[in-house]
Amino acid sequence: MLSFSAYHCGVSRSVKIVDRFAPEASALREVFDGRFAEPRAARGDRFVWDYWHVPGQYTALRTPAWTYFPDRLYRQLHRRLVEWGRSQLGCHDISPPWLSLYVEGCRQELHGDLPHGPWAFVLSLTRLRGRAFRGGETMLVRDEVLDFWHDFRSVRSVERGELIRTVPPLFGRLTVFDPRIPHGVQTVTGTHDPREGRLVVHGWFVQPRPFVRGALSPRALAARIAELTAPLGGWLEGMPISGMLSVAFTVDRRGDARALRVLSDTTRVPSADERARRRLVRRLRDAIAAWRFGPQRGTSEVTLPLVFERG
């Protein structure tokens, strides 16, 4: 079992930040720096970058991360990301990740990612201390802007910081966010040297599904989930909800669900339905907390994602 003891911050329901996420980050960075150590060298492993340019939208250099790094080193990172996604989000796997490099003029304009996965991630391998460039922050439209007119005040001015959240690419920082939210990368200026640019591994957490660690039978969990669908239709009452609610709980030896907690909640509704959405989340939590499975051979830890989609 991998350990995740790094600083973990839930910036909002839409964004999670884990600093010092991967001990492998330094070794991954050394691989990159080694390949660009001699600018005049014409090595085969230098000719793997795609210059991705969509006019007015995307400009960056990118390559598949799983082929760029040595296999053993990449697998360590892959395992760490997958384990974190399973325990913290209820997602079974990650998409094949990219390694992207941003130098002078590279950027991503605001966009949303659908339907890649319920959470996107960016792991920074960027050396910010003494950096030569400006920009490179991940930009995320703030939740309040997505429902801008709900509490609009004609007498209050609004500036960029109140509209856009920026996350600096600190070395080793994992930034995880709801990819439906318009996001981008601020234009990088000030360097053409690959070793001085913004370097990130990025992709999506995918395949949300329940996980059981312990004695609980997956069949018993599936039966309780099926029972939950009957009242759910009445609780929804036509609510236009989308997103994912992930909860975790313990099943003790008596078979009782204990210590239920919400891991993440990206469910969204129009502002007029927000009170009903919160009521739905409370009902789901109460229903799951009341689950009984009968005597068990041992305790179990359960992660349960609940996905809501709008057509």
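Sequence positions, counted from 1, serve as the residue numbers for this chain.
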Do [X]'s NZ or CZ and the ring of [Y] fall within the cation-pi criteria of under 6.0 Å and 45°?
X      : Y      : value
Arg224 : Phe293 : yes
Arg277 : Phe308 : no
Arg29  : Phe32  : no

**Q.** Residues Glu309, Ser242; criterion side chain to side chain donor-acceptor pair (under 3.5 Å); working and verdict
**A.** CA-CA 5 Å; Glu309 294 182 340; Ser242 66; over 6 Å; no
Any side-chain heavy-atom pair of [X] and [Y] under 4.5 Å:
X      : Y      : answer
Leu101 : Thr63  : no
Lys16  : Leu89  : yes
Pro169 : Thr138 : no
Arg131 : Thr126 : no
Ile225 : Pro210 : yes
Thr59  : Thr187 : no
Trp84  : Phe21  : yes

Q) Counting only heavy atoms not in Glu159, do more than 12 sit closer than 6.0 Å to its CD atom? A)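 Atom CD in Glu159 is not packed in, count stays at 12 or less.
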Q) Does a side-chain N-to-carboxylate-O contact under 4.0 Å join Arg13 and Asp178? A)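 No, this pair does not count.
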Q | Pair Arg261 + Glu301: basic N to acidic O under 4.0 Å | A |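 Salt bridge between Arg261 and Glu301, a charged N being under 4.0 Å from a carboxylate O: yes.
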Q: Identify the two heavy atoms, one from Pro240 and one from Pro270, that lie closest to each other, and give their separation to 0.1 Å.
A: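 What the structure gives for the nearest pair is CG-CD, 3.6 Å.
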Q | Closest heavy-atom pair and its distance - Val281, Asp265 | A |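 Looking at all heavy atoms of both residues, the shortest contact is CG2-OD2, 4.0 Å.
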**Q.** All pairs passing side-chain hydrogen bond (donor to acceptor under 3.5 Å, both in side chains) where residues 284-297 contributes a residue, at least two apart
**A.**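 Sorted result for residues 284-297: Asp256-Arg292.
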Answer yes or no: is there a donor N or O on one side and an acceptor on the other, between the side chain of [X] and the main chain of [Y], under 3.5 Å?
X      : Y      : result
Arg173 : Ile17  : no
Arg198 : Gly136 : yes
Glu83  : Arg80  : no
His111 : His183 : yes

(Q) Over 60° means perpendicular and under 30° means parallel, so tell me whether His116 and Trp204 are parallel, tilted or perpendicular. (A)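 Because their plane-to-plane angle is under 30°, the rings of His116 and Trp204 count as parallel.
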(Q) Can you list everything that forms a salt bridge (charged side-chain N to carboxylate O under 4.0 Å, His left out) with Asp113? Sequence neighbours excluded, please. (A)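 Expected list: none.
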Q | Tyr68-Trp49 aromatic ring centre distance below 6.0 Å | A |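 Yes, the ring centres sit under 6.0 Å apart.
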Q) For Ser87 and Arg213, what are the C-alpha separation, side-chain angles and deciding distance, and is it a side chain to side chain donor-acceptor pair (under 3.5 Å)? A) CA-CA 10 Å; Ser87 65; Arg213 293 171 292 279; over 6 Å; no
**Q.** Partners meeting side chain to side chain donor-acceptor pair (under 3.5 Å) with Tyr74 (sequence neighbours left out)
**A.**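 Side chain to side chain donor-acceptor pair (under 3.5 Å) list for Tyr74, sorted by chain: His78.
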